[in-house]
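Structure record follows, encoded as structure tokens.
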Amino acid sequence: MLSDVTQTTASAARDDDRETVPAAPGCPSRRRVHRAWIVAAVTFVTIIGGAAFNSLPGLLIDPLNTEFGWSRGEIGLAVSIDMALYGLTAPFAAALMDRFGIRRVVVVALSTVAAGALASVWMTAAWQLMIYWGLLVGLGTGSMALAFSATVTNRWFVARRGLVTGILTAAGASGQLVFLPLCAWIVAHHGWRPASVTVALAALVVVPFVWLLLRDHPADVGLAPYGGAYAEKPAPARGAARRTVRVLVDAARTGPFWLLAGTFAICGASTNGLIRTHFVPSAHDHGMPITAAASLLAVIGVFDIIGTVFSGWLTDRFDARRLLAVYYALRGVSLLFLPMLMAPTVHPPMVFFIVFYGLDWVATVPPTLALCREQYGEDSAIVFGWVLASHQVGAALVAFLGGVARDVFGSYDMVWYASGALCATAALMALVIRRVREPSGAVAGLG
């Protein structure tokens, strides 16, 4: 039966690509690119704008330490607040999108992060960094987190969901690729304040595209979702906060939720919390110029795009549990070797690490989201938001503890080794997530 559904879905996708766009009853069909791809493109650009803010914290640690004398632990605490709120906001943002619409939520989010970044230009105390970059930027970017792309994918696509998830996830890496070298150059030549203004302007530039081109639901323009049948737009879901908490309570009663949350917490710890926050200052500790280290981090973004899109393609075809186990195991091995690769200059073994690690950076997202859909059906976007919250809590802990470890031991080596061991644990956890053999309703990747 499932094979029949798969064949039917694939056939519908080909029809959408090559012939007509399914329309609402009474509306004429038209030969053109399905509107879902336009919505996906706007989402991609929006996530790139949000990624500008995620590119900056690692570049600010040394300048803020030099100018204000704030310890790495204090700066790391502000970054950890940002990362924790990024995750904790995501499930509520998904519910708010159901209540008020995707477009309104994203416009408010972009404006909030721009305000936080601009306000930081005038800060003089560490607590202000925690308010502007921790609170405001954390809340804003959390509203444009992966739950945003999950909501867009669930509403606008039935076919090619794994591929679209991979592409939208890669948008964060694309933003890193664009903004990391630019911000590193600005910080090196003009200071950290112009870099903060730059990322704020990047967010504001995206706002008109979101307002004019993003639509909340296919029914808003009289279309069916890509590869699916037309359905009326559901009524706004009231009680967003209550629903978000209820979904968490229900999901928390199941074993797969804790396994998904645990593996994704380790994912966040070993990526955003560790590499994104501490790779540049760690390389600088070994004599590497900040611009060179930031360029290496940007190159990770190049291969992250390739790895994540390919992971989405694989997720449409293979067992997501096994994919996750392989991804975490390979990441753990690479982190164990990183301390031995640090040097004042870029050499071939470090380049190999950058390529290898980049392919694996967020390749975990498509299979994790696929497992959320399989397990939790129509609530999957909100469940994934909570799983993402665990990702960011893990990232926040390592962003803070990594800075403390550097202050105490004078080196990041212990953090690299511990993260490698955690990734091995995540690989084992992924393998024991149970399979749903008889999905109902919207589960099985179709809802």
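Computed from a predicted structure; not experimentally measured. Hydrogens, waters and symmetry mates are skipped; everything else that's a heavy atom, side chains included, is used.
- In this structure, F157 has its ring center under 6.0 Å from that of W37.
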Side-chain polar contacts of residues 255-268 - donor-acceptor pairs under 3.5 angstrom, sequence neighbours left out - could you list them?
unit_1: W258; atom_1: NE1; unit_2: A252; atom_2: O; d: 2.7
unit_1: T263; atom_1: OG1; unit_2: L259; atom_2: O; d: 3.0
unit_1: T263; atom_1: OG1; unit_2: L260; atom_2: O; d: 3.0

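- Counting heavy atoms from C-beta outward, S196 and W133 have side chains that approach closer than 4.5 Å.
- Between the side chains of H278 and Y412, at least one donor N or O sits under 3.5 Å from an acceptor N or O.
- Evaluation of the side-chain contact (heavy atoms from CB on, under 4.5 Å) rule for S419 yields L274, L335, V415 as partners, not counting sequence neighbours.
- Put simply, the side chain of L129 reaches to within 4.5 Å of the side chain of L64, judged on heavy atoms.
- Checking side-chain atoms of R317 against main-chain N and O of W313 turns up a donor-acceptor pair under 3.5 Å.
- In this structure, I102 CD1 and S143 OG are separated by 13.0 Å, a value rounded to the nearest 0.5 Å.
- In this structure, A320 and L371 approach most closely via the heavy-atom pair CB-CG, 3.8 Å.
- Taking CZ from R155 and OG1 from T153, the interatomic distance works out to 11.5 Å, rounded to the nearest 0.5 Å.
- Atom CG of L135 and atom CD1 of I81 lie 8.0 Å apart (nearest 0.5 Å).
- The two residues T89 and G138 make their nearest non-hydrogen contact at OG1-O, 4.3 Å.
- Contact check for P367 versus F318: no side-chain heavy atoms found under the 4.5 Å cut-off.
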L359 and Y327: CA distance, side-chain angles, deciding distance, side chain to side chain contact (heavy atoms under 4.5 Å, CB included) verdict: CA-CA 9 Å; L359 291 171; Y327 296 158; over 6 Å; no
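- Under the rule for a side-chain contact (heavy atoms from CB on, under 4.5 Å), the partners of F337 that lie at least two apart in sequence or sit in another chain are V333, M340.
- G116 and Y132 get closest at one heavy-atom pair: O-CB, 3.5 Å.
- Counting only N and O atoms by type, the side chains of Y328 and S270 include no donor and acceptor under 3.5 Å apart.
- We find the CG-CG distance between L136 and L85 to be 10.0 Å, quoted to the nearest 0.5 Å.
- The distance from atom CD1 of I300 to atom CG of L296, rounded to the nearest 0.5 Å, is 7.5 Å.
- For T425, there are no side-chain hydrogen bond (donor to acceptor under 3.5 Å, both in side chains) partners, not counting sequence neighbours.
- Under the 4.5 Å side-chain criterion, counting only non-hydrogen atoms from C-beta, Y357 is in contact with I275.
- Sorted by first and then second residue, the salt bridge (charged side-chain N to carboxylate O under 4.0 Å, His left out) pairs involving residues 354-365 (not counting sequence neighbours) are R331-D360.
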Show me the side-chain donor-acceptor pairs of residues 107-115 shorter than 3.5 Å, one per line, residues at least two apart or across chains.
unit_1: S111; atom_1: OG; unit_2: V107; atom_2: O; d: 3.0
unit_1: T112; atom_1: OG1; unit_2: V108; atom_2: O; d: 2.8

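- The environment of Y417 atom OH is dense: over 12 non-hydrogen atoms of other residues, nucleotides or ligands sit within 6.0 angstrom.
- Residue A195 comes nearest to I186 through the heavy atom pair N-CG2, 3.4 Å, listed as atom of the first residue, atom of the second, then distance.
- For the atom pair OG (S120) and CD1 (I131), the distance works out to 12.5 Å, reported to the nearest 0.5 Å.
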Evaluation steps, side chain to side chain contact (heavy atoms under 4.5 Å, CB included), between F400 and T277: CA-CA 9 Å; F400 172 61; T277 305; over 6 Å; no
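- No side-chain heavy atom of M429 sits less than 4.5 Å from a side-chain heavy atom of L324.
- Under the 4.5 Å side-chain criterion, counting only non-hydrogen atoms from C-beta, V106 is in contact with M97.
- Across all their heavy atoms, R103 and W211 have their closest contact at NH1-O, 2.7 Å.
- Contact check for F353 versus L338: side-chain heavy atoms found under the 4.5 Å cut-off.
- Residue C372 comes nearest to S380 through the heavy atom pair O-CB, 3.6 Å, listed as atom of the first residue, atom of the second, then distance.
- Between W156 and R215 there is a side-chain heavy-atom pair separated by less than 4.5 Å.
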Test side chain to side chain contact (heavy atoms under 4.5 Å, CB included) applied to T254 and Q375, step by step: CA-CA 9 Å; T254 66; Q375 299 283 342; over 6 Å; no
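- For R246, the CZ atom sits in a packed shell: over 12 heavy atoms of surrounding residues, nucleotides or ligands are nearer than 6.0 Å.
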Trace of the side chain to side chain contact (heavy atoms under 4.5 Å, CB included) decision for L336 with W416: CA-CA 6 Å; L336 292 176; W416 304 127; over 6 Å; no
Evaluation steps, salt bridge (charged side-chain N to carboxylate O under 4.0 Å, His left out), between E374 and R321: CA-CA 12 Å; E374 178 184 298; R321 299 155 190 76; 2.3 Å; yes
